[in-house]
Amino acid sequence: MAGTCLQFFGFISSFVGWIGVVVATSTNDWVLTCDYSINTCRKLDELGSRGLWADCVIAIGLYHCKPLADILTLPAHIQAARALMIIGSFLGLPAVFLLLSSMPCIRMGHDPGTEKYKRFTLGGVLIVILALTSIMATIWFPVSTHKETTIVTFGYSLYAGWIGAAFCLFGGIVIVCCSGESHAFMENRFYYSSQGSGSPTHAKSANV
């Protein structure tokens, strides 16, 4: 029972974390940049927002973005952060499928418990890799950006990436290290199959 609870907990944590990583990858408010105080920059319309895909100018009633479309002229840290976040986002798709198909309440024909255990462990490993790529990107990007310009504060995209990476790392570790062994998956499968067999099984065992 404890192993089943840890399986569900690890899956939910990993799924929520993956959503956070996808949000961070697809949005542009990673860091807010300015050469003065944030209030002065707002008055002078010089408050900038920088992300993976665009550089934006934020002012009262104005939010103008310039897409970073020319890959060859982009700084190395932006290209690297893009690649790491995209890899992490796409790794989440097979990872979530593997984890979901290995849940005790999901039955896929006569699926042996050992196969479920292998899929579940592989999904956890993919989630850990996802978390590590996201951590690298969300730390490398602001550090390198701060060397080029002054960062006033971090944007919600960066916070989403940090929180998502933390949830994925925690969920992946729980899945890989704490979800039990292969025999636990065999026991869960036997439990659900015996529950679904109904009263004839119980009547037969009573006669014996």
Side-chain angles (χ1 to χ4, degrees), residues 10 12-60 62-96 99 123-176:
I12 295 298
S13 177
S14 301
F15 182 76
V16 171
W18 175 53
I19 296 299
V21 170
V22 171
V23 169
T25 305
S26 58
T27 53
N28 283 310
D29 288 330
W30 278 52
V31 293
L32 299 181
T33 60
C34 182
D35 294 330
Y36 313 102
S37 67
I38 188 169
N39 292 327
T40 303
C41 287
R42 287 187 184 277
K43 293 178 181 178
L44 298 176
D45 292 344
E46 293 186 7
L47 182 63
S49 174
R50 182 170 296 185
L52 300 178
W53 311 103
D55 281 341
C56 302
V57 176
I58 303 173
I60 299 176
L62 174 66
Y63 191 89
H64 177 71
C65 293
K66 178 184 177 182
L68 302 175
D70 194 352
I71 299 178
L72 297 178
T73 61
L74 288 177
H77 70 276
I78 295 181
Q79 296 187 36
R82 277 185 181 182
L84 289 170
M85 294 301 289
I86 290 173
I87 290 171
S89 297
F90 278 102
L91 279 178
L93 290 172
V96 169
L99 295 177
V125 171
L126 292 179
I127 289 294
V128 172
I129 296 174
L130 185 163
L132 295 178
T133 58
S134 302
I135 290 172
M136 290 174 60
T138 53
I139 292 177
W140 190 358
F141 185 90
V143 170
S144 299
T145 302
H146 186 64
K147 295 178 180 179
E148 298 178 353
T149 184
T150 303
I151 295 179
V152 177
T153 184
F154 302 126
Y156 76 90
S157 301
L158 198 59
Y159 286 116
W162 283 337
I163 295 172
F167 270 83
C168 284
L169 184 62
F170 183 72
I173 291 174
V174 168
I175 290 169
V176 173

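Because the structure is predicted, anything quoted here is derived from the model rather than measured.
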With Ser13 via side-chain hydrogen bond (donor to acceptor under 3.5 Å, both in side chains) - residues at least two apart: none
Nearest atoms (heavy-atom pairs only) where Ser14 meets Ile127: OG-CG2, 3.5 Å
Residue pair Leu99, Phe15: steps toward the side-chain contact (heavy atoms from CB on, under 4.5 Å) verdict: CA-CA 10 Å; Leu99 295 177; Phe15 182 76; over 6 Å; no
Counterpart residues, ring-ring contact (aromatic ring centres under 6.0 Å, His included), relative to Tyr156 (two or more places apart): none
Pairing residues for Phe90 by the ring-ring contact (aromatic ring centres under 6.0 Å, His included) criterion, not counting sequence neighbours: none
Those residues that, when tested against Trp140, pass side-chain hydrogen bond (donor to acceptor under 3.5 Å, both in side chains) (two or more places apart): Ser144
Shortest non-hydrogen separation from Leu32 to Ser49 and the atoms involved: CD2-CB, 3.7 Å
Approximate separation, where rounding is to 0.5 Å, of Leu132 CG and Ile87 CD1: 12.5 Å
side-chain contact (heavy atoms from CB on, under 4.5 Å) partners of Ile129, counting only residues at least two apart: Leu91, Val125, Thr133
Pairs where residues 47-57 contributes a residue and the test salt bridge (charged side-chain N to carboxylate O under 4.0 Å, His left out) is met, not counting sequence neighbours: Arg50-Asp55, Arg50-Glu148
side-chain contact (heavy atoms from CB on, under 4.5 Å) partners for Pro94, two or more places apart: Leu126
With sequence neighbours excluded, residues passing salt bridge (Lys or Arg N to Asp or Glu O under 4.0 Å) with Arg82: none
Atom pair CE/CG of Met85 and Leu130 - distance to nearest 0.5 Å: 8.5 Å
Using atom types as modelled, flag every donor-acceptor pair under 3.5 Å from a side chain in residues 166-176 to any protein atom, sequence neighbours excluded.
none

Euclidean distance, Trp30 CH2 relative to Leu52 CG, rounded to 0.5 Å: 4.0 Å
Atom pair CD1/OG1 of Ile163 and Thr138 - distance to nearest 0.5 Å: 11.0 Å
For Ala54 against Cys65, the heavy-atom pair lying closest together: CB-CB, 4.2 Å
Set of side-chain contact (heavy atoms from CB on, under 4.5 Å) partners for Tyr159, sequence neighbours left out: Phe154, Trp162
For Thr145 against His77, the heavy-atom pair lying closest together: OG1-NE2, 3.5 Å
Of all pairs that satisfy side-chain hydrogen bond (donor to acceptor under 3.5 Å, both in side chains), the ones with a partner from residues 19-28, not counting sequence neighbours: Thr25-Ser89, Thr27-Ser157
